[in-house]
Amino acid sequence: MYMKRELTHIILLVGALLLTTGCHSRKHASKHTPGPPRNYIEVKFPSAEISHEEENIRASARDIIEESRTWLGTPYCYGGQSRKGTDCSGMVMKVFEAKGIKLPRDSRSQQAWCLPIDKTSLKPADLVFFASSAGGSRVSHVGIFIGKSQFIHSSTSKGVIVSSLDEDYYIRHFHSAGRVPQVNGDVSKNEKKKIEASQKKMEKLLKESKKDKKKNDKNKKKSKKKKKTKK
């Protein structure tokens with residue numbers, strides 16, 4: 001009897017020891033749950049749609065560029081300003097309008113509206129203007145600069161595409177560059193004066209264009225009357 005009691009006592013002690021070691025091992029394991037190492041660094045990859053140069057510009061300028069890219073592939077249409085077809089100034093106007101910035105409709109007025117800047121000072125979302133003839137003084141085409149010498153515009157032959165300012169044709173026909181005041185940076189007092197002057201210039205251009213239209217309408221009416229009298 002004595003031996004049986006000793007054996008049962010030993011078995012109970014061994015069982016208790018096993019339980020305590022089991023619990024200890026579980027607690028120990030819970031402290032070392034799997035996870036990233038201490039030197040783990042989460043890598044965030046930049047968007048493939050936006051270049052490194054564009055990441056450093058203001059959000060509004062980046063929005064303009066992203067909006068202009070959505071127009072790529074739109075066919076050219078003289079006087080058009082929709083996804084079905086657009087000309088150069090119509091596309092530019094609608095891109096800025098989508099971001100709450102109102103611009104004039106034609107390229108000459110858009111050039112007058114902008115702050116004049118040097119070609120070497122171009123930033124993404126600035127506008128680039130071209131003359132119809134090499135070295136000409138009259139603006140006839142406009143595009144949106146997107147960085148790295150590239151700009152988005154509506155070409156008469158290919159529709160809305162990306163072109164390079166380094167191409168021979170655009171080097172010869174380059175007229176000027178302009179900055180939309182609401183986009184690239186704060187406006188200083190001197191810049192405000194320039195804006196006011198450019199706005200006055202634009203108003204004069206609009207008045208001149210209206211006068212030209214009236215003259216053309218009168219001439220058309222006169223020519224129609226002459227034709228009727230001859231018949």
Side-chain angles (χ1 to χ4, degrees), residues 46-99 101-185 198:
S47 171
E49 292 295 320
I50 303 169
S51 68
H52 177 69
E53 183 178 352
E54 290 169 31
E55 285 178 2
N56 297 323
I57 66 177
R58 287 185 64 187
S60 57
R62 185 163 55 248
D63 291 343
I64 295 295
I65 293 164
E66 287 175 354
E67 176 65 22
S68 65
R69 281 177 174 159
T70 66
W71 285 75
L72 290 171
T74 303
Y76 179 85
C77 177
Y78 179 75
Q81 55 186 51
S82 72
R83 304 281 180 169
K84 292 180 179 179
T86 182
D87 59 21
C88 61
S89 57
M91 187 270 290
V92 169
M93 184 192 73
K94 296 301 285 185
V95 166
F96 279 84
E97 187 181 279
K99 300 304 171 184
I101 300 169
K102 290 186 178 181
L103 292 184
R105 175 60 178 85
D106 64 279
S107 57
R108 283 181 71 198
S109 299
Q110 287 171 359
Q111 193 258 352
W113 174 266
C114 290
L115 292 169
I117 58 170
D118 192 76
K119 191 178 181 181
T120 56
S121 302
L122 276 166
K123 292 181 180 180
D126 286 339
L127 300 184
V128 284
F129 300 94
F130 303 90
S132 53
S133 58
S137 59
R138 188 182 177 88
V139 172
S140 62
H141 191 61
V142 61
I144 301 171
F145 184 71
I146 61 173
K148 295 182 180 179
S149 296
Q150 294 183 323
F151 65 102
I152 291 175
H153 65 123
S154 184
S155 163
T156 53
S157 58
K158 296 179 181 178
V160 181
I161 56 170
V162 177
S163 297
S164 174
L165 292 172
D166 296 331
E167 291 176 35
D168 182 61
Y169 177 86
Y170 295 112
I171 290 171
R172 290 185 291 106
H173 288 257
F174 184 82
H175 180 278
S176 57
R179 180 160 296 156
V180 177
Q182 299 96 317
V183 179
N184 277 318
S198 66

Testing the 3.5 Å rule here: is there a donor-acceptor pair between the side chains of [X] and [Y]?
X	Y	value
D106	S109	yes
T70	R83	yes
S163	Q150	no
H141	S132	no

### Message
So R108 and R138, do their side chains get closer than 4.5 Å, heavy atoms only?
### Response
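Yes, side chains in contact.
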### Task
Could you tell me whether the side chain of Q111 reaches within less than 4.5 Å of the side chain of S176, counting heavy atoms only?
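In short, these two side chains touch, coming nearer than 4.5 Å.
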### Message
Pair H153, Y170 - check ring pair (Phe, Tyr, Trp, His ring centres under 6.0 Å), show working.
### Response
CA-CA 12 Å; H153 65 123; Y170 295 112; 5.5 Å; yes
### Task
Would you please name every residue forming a ring pair (Phe, Tyr, Trp, His ring centres under 6.0 Å) with Y78, sequence neighbours left out?
none
Exercise: identify the closest heavy-atom pair between [X] and [Y]:
X	Y	answer
E167	S164	OE2-N, 3.0 Å
A125	I144	CA-CG2, 4.1 Å
L165	I171	O-CG1, 3.2 Å
P124	A61	O-CB, 3.7 Å
P181	W113	CD-NE1, 4.2 Å
V95	S68	CG2-CA, 3.8 Å

### Stepwise side chain to side chain contact (heavy atoms under 4.5 Å, CB included) check, F129 with C114
CA-CA 11 Å; F129 300 94; C114 290; 4.3 Å; yes
Distance check, rounded to the nearest 0.5 Å: [X] atom [atom1] versus [Y] atom [atom2]?
X	Y	atom1	atom2	value
R172	S133	CZ	OG	10.5 Å
L103	K94	CG	NZ	12.0 Å
I146	I64	CD1	CD1	13.5 Å

State whether [X] and [Y] are salt-bridged, where the test is any N-O pair (Lys NZ or Arg NE/NH1/NH2 against Asp/Glu carboxylate O) under 4.0 Å.
X	Y	result
R69	E66	no
K99	D63	no
D87	R105	yes

### Message
With side chain to side chain contact (heavy atoms under 4.5 Å, CB included) as the criterion, how do F96 and V183 come out once you've worked through the C-alpha distance, each side chain's angles and the decisive distance to 0.1 Å?
### Response
CA-CA 10 Å; F96 279 84; V183 179; 3.8 Å; yes
### Task
Ignoring hydrogens and angles, tell me if any N or O in the side chain of S154 forms a donor-acceptor pair with the backbone of T86 under 3.5 Å.
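Such a contact is found between S154 side chain and T86 backbone.
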### Message
Closer than 3.5 angstrom, by distance alone: can the side chain of R179 be matched with the main-chain N or O of L122 as a donor-acceptor pair?
### Response
no
### Task
Step by step, work out the side chain to side chain contact (heavy atoms under 4.5 Å, CB included) result for M91 and T74.
CA-CA 9 Å; M91 187 270 290; T74 303; over 6 Å; no
### Query
On the ring face of F174, is K119 found with NZ or CZ under 6.0 Å from the centre and within 45° of the axis?
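So K119 does make the cation-pi contact.
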### Message
Please evaluate residues F130 and F151 with respect to the criterion ring pair (Phe, Tyr, Trp, His ring centres under 6.0 Å), reporting the C-alpha separation (whole Å), side-chain torsions for both, the decisive distance (0.1 Å), and the verdict.
### Response
CA-CA 12 Å; F130 303 90; F151 65 102; 5.2 Å; yes
#### Entry: From CA spacing to verdict: side chain to side chain contact (heavy atoms under 4.5 Å, CB included), V180, D126
CA-CA 7 Å; V180 177; D126 286 339; over 6 Å; no
